[in-house]
Protein chains: 2
Amino acid sequence: MRASVTTIEPNGHFCSDCAVRGFAVCSSLDPAELREFEHLGCRVHFATGETVFSEEDIATSFYNLLEGVMRLYKLLPDGRRQIVGFALPGDFLGMNISGRHNFSADAIGAVTVCQFAKAPFGRFIEDRPHLLRRINELAIRELSQARDHMVLLGRRSADEKVATFLLGWRERLFSLKGSSNMVPLPMSRQDIADYLGLTIETVSRTFTKLERHGAIEIVHGGIGLRDRARVEALVAA
Amino acid sequence: MRASVTTIEPNGHFCSDCAVRGFAVCSSLDPAELREFEHLGCRVHFATGETVFSEEDIATSFYNLLEGVMRLYKLLPDGRRQIVGFALPGDFLGMNISGRHNFSADAIGAVTVCQFAKAPFGRFIEDRPHLLRRINELAIRELSQARDHMVLLGRRSADEKVATFLLGWRERLFSLKGSSNMVPLPMSRQDIADYLGLTIETVSRTFTKLERHGAIEIVHGGIGLRDRARVEALVAA
DNA sequence: CGCCAAAATTGATCTGCGTCAATCGACTTT
DNA sequence: AAAGTCGATTGACGCAGATCAATTTTGGCG
């Protein structure tokens with residue numbers, strides 16, 4: 001195992017050359033504001049599998065994901081898990097109204113976040129409505145995604161779920177790394193199952209089936225799209 | 001059939017004695033603002049089953065539900081329907097980022113909304129960050145509910161779904177009309193099924209089963225809770 | 001390289017819920 | 001009150017996906 005545990009970088013970074021500068025919350029800030037903003041956040045690293053925050057924890061911070069992928073999930077008392085989303089660089093986490101997080105967040109692979117203490121961040125927003133508007137925009141976009149996912153969970157078959165997930169994930173990665181027929185899947189089969197409301201066995205079998213039909217190719221760490229039309233047909237259905 | 005179709009009231013109402021004044025978006029406005037706000041909205045009535053707006057429609061208005069219940073839903077191309085929520089008085093509808101609604105909304109029973117044209121409403125918000133903050137708060141609350149619902153759809157059994165729905169719906173009505181062991185269900189069994197990701201038959205059978213076990217009593221237009229502990233046990237499970 | 005643990009795949013079987021179909025009951029209309 | 005309509009309930013049966021149980025593959029490490 002790598003020796004790395006959660007580490008907090010001793011400062012010394014600049015928002016202006018941040019990788020997510022263009023599309024994260026902070027995209028709404030002008031250069032002057034950015035310089036002030038810089039002092040509010042602090043880069044924190046998390047190793048594979050570490051939990052960034054847990055459901056029901058008092059929410060003391062907001063997080064701007066800079067690098068890596070996170071799984072966002074809720075647990076039922078008996079251990080059943082529903083993954084409510086995967087976070088990618090640029091995603092903003094920690095909004096809530098109850099003062100507590102309403103889901104947990106783990107690192108899938110190594111992760112870097114820009115962490116903001118709640119109070120100073122709140123004060124910074126106070127007189128910057130454009131930042132608030134940006135946050136609102138992100139919340140509304142997430143809400144729309146959440147509703148799409150409800151349709152998937154409630155009304156789609158296993159085949160459709162897996163196909164929809166593959167193309168949706170590809171689409172999200174597209175805006176970050178550009179398009180490709182290779183869809184990297186950093187999360188485990190169990191994660192995919194818990195995202196789609198299926199079991200790990202069904203996910204595995206569905207991938208195998210799609211591969212047998214020539215629609216995809218299962219490669220290490222991801223999926224190759226061989227016949228996108230066929231996968232898209234499942235999504236449209 | 002009642003002769004009523006969509007009717008637009010010829011003005012003449014006051015925000016100050018609006019039924020949802022205390023808890024809707026407008027709760028963040030002071031009396032002076034309210035008087036200005038009054039001119040932006042316009043009461044519109046919808047009869048049972050009428051569609052207030054449709055998914056993919058250009059969103060030209062926001063809506064503040066004043067009276068009645070609405071179903072909010074998405075359709076798959078082949079007609080499968082997922083109800084993503086029910087709206088009650090005080091709920092604010094129409095937020096979006098794409099410029100289009102991302103779900104459809106029908107009246108369940110007679111409905112009155114306070115309708116705001118997008119542009120003037122947007123201008124009104126512009127220099128009133130507290131209103132924006134209120135809208136953000138509502139969006140975040142909805143997001144949290146959406147995530148809870150994902151858990152239900154993806155990971156719960158039919159019994160748990162129905163029990164969770166009953167108590168959740170009761171809880172929502174509680175803040176409007178106070179608590180009672182009678183839970184009115186203005187929506188059809190089909191609506192409930194489409195909300196829970198089940199079929200109408202399974203919903204019906206589950207109600208019957210709960211009634212046989214003495215947990216509930218099926219009455220016309222609703223459900224009576226006879227053994228709440230038993231229903232709560234299903235939710236906790 | 002070989003050993004071990006964890007993840008993924010595959011197979012066999014089971015079951016919860018869907019599907020199909022009939023009946024019932026509550027309203028509306030005449 | 002009879003007839004027709006629509007929603008809800010009930011029953012019989014089937015199947016998609018869960019469960020249980022082995023393997024197989026992969027990755028880390030001495």
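Letters go in sequence order (proteins before strands), and every chain restarts at 1.
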| request: Name the residue closer to the 5' end of DNA chain D, choosing between B:Phe207 and B:Arg155 according to the nucleotide with the nearest heavy atom. | output: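 Final value for this comparison: B:Phe207.
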Please report the distance, rounded to the nearest Å, between [atom1] in [X] and [atom2] in [N].
X        : N      : atom1 : atom2 : answer
A:Asp194 : C:dA7  : CG    : P     : 13 Å
A:Leu210 : C:dT9  : CG    : P     : 12 Å
B:Arg189 : C:dG25 : CZ    : P     : 15 Å

| A:Gln190 vs B:Thr199, nearer the 5' end of DNA chain C by closest nucleotide |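 The residue closer to the strand's 5' end, by nearest nucleotide, is A:Gln190.
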Taking 4.0 Å as the cut-off, does a side-chain nitrogen or oxygen of [X] come that near to OP1 or OP2 on [N]?
X        : N      : result
A:Ser204 : C:dA8  : no
A:His220 : D:dT25 : no
B:Thr208 : D:dT10 : yes
B:Thr202 : C:dG18 : yes

Please work out if [X] contacts a base, only the sugar-phosphate, or nothing of the nucleic acid, heavy-atom cut-off 4.0 Å.
X        : value
B:Gly221 : nothing
A:Ile192 : nothing
B:Ser188 : sugar-phosphate

| Aromatic centroids of A:Phe62 and A:Phe92 separated by under 6.0 Å |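 Ring centroids of A:Phe92 and A:Phe62 are less than 6.0 Å from each other.
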| query | Is A:Arg80 salt-bridged to B:Glu160, cutoff N-O under 4.0 Å? | reply |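 Looking at B:Glu160 together with A:Arg80, the answer is yes, because their closest N to O distance falls below 4.0 Å.
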| request: Please round to 10 degrees the angle between the axis of the first five pairs and the axis of the last five pairs in the helix from C:dC1-D:dG30 to C:dT30-D:dA1. | output: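 Axis-to-axis angle, ends of the helix: 40°.
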| Working for salt bridge (charged side-chain N to carboxylate O under 4.0 Å, His left out), residues B:Arg226 and B:Glu217 | CA-CA 7 Å; B:Arg226 305 185 108 266; B:Glu217 185 181 5; 3.3 Å; yes
With distance as the sole test, does [X] use its side chain to make a donor-acceptor pair with the main-chain N or O of [Y] at under 3.5 Å?
X        : Y        : value
B:Asp91  : B:Leu88  : yes
B:Lys74  : B:Asn102 : yes
A:Ser104 : A:Glu55  : yes

| said: Whether the side chain of B:Arg205 and the base of C:dG16 hold a donor-acceptor pair under 3.5 Å is what I'd like checked. | reply: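 Between C:dG16 and B:Arg205, which were checked side chain against base, a qualifying N/O pair under 3.5 Å is absent.
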| task | Indicate, yes or no, whether a donor-acceptor pair under 3.5 Å links the base of C:dC20 to the side chain of B:Glu201. | result |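 Per atom types, the contact qualifies.
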| field | Charged tip of B:Arg71 within 45° of B:Phe86 ring normal and under 6.0 Å | value |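 Checked: cation-pi criterion not met.
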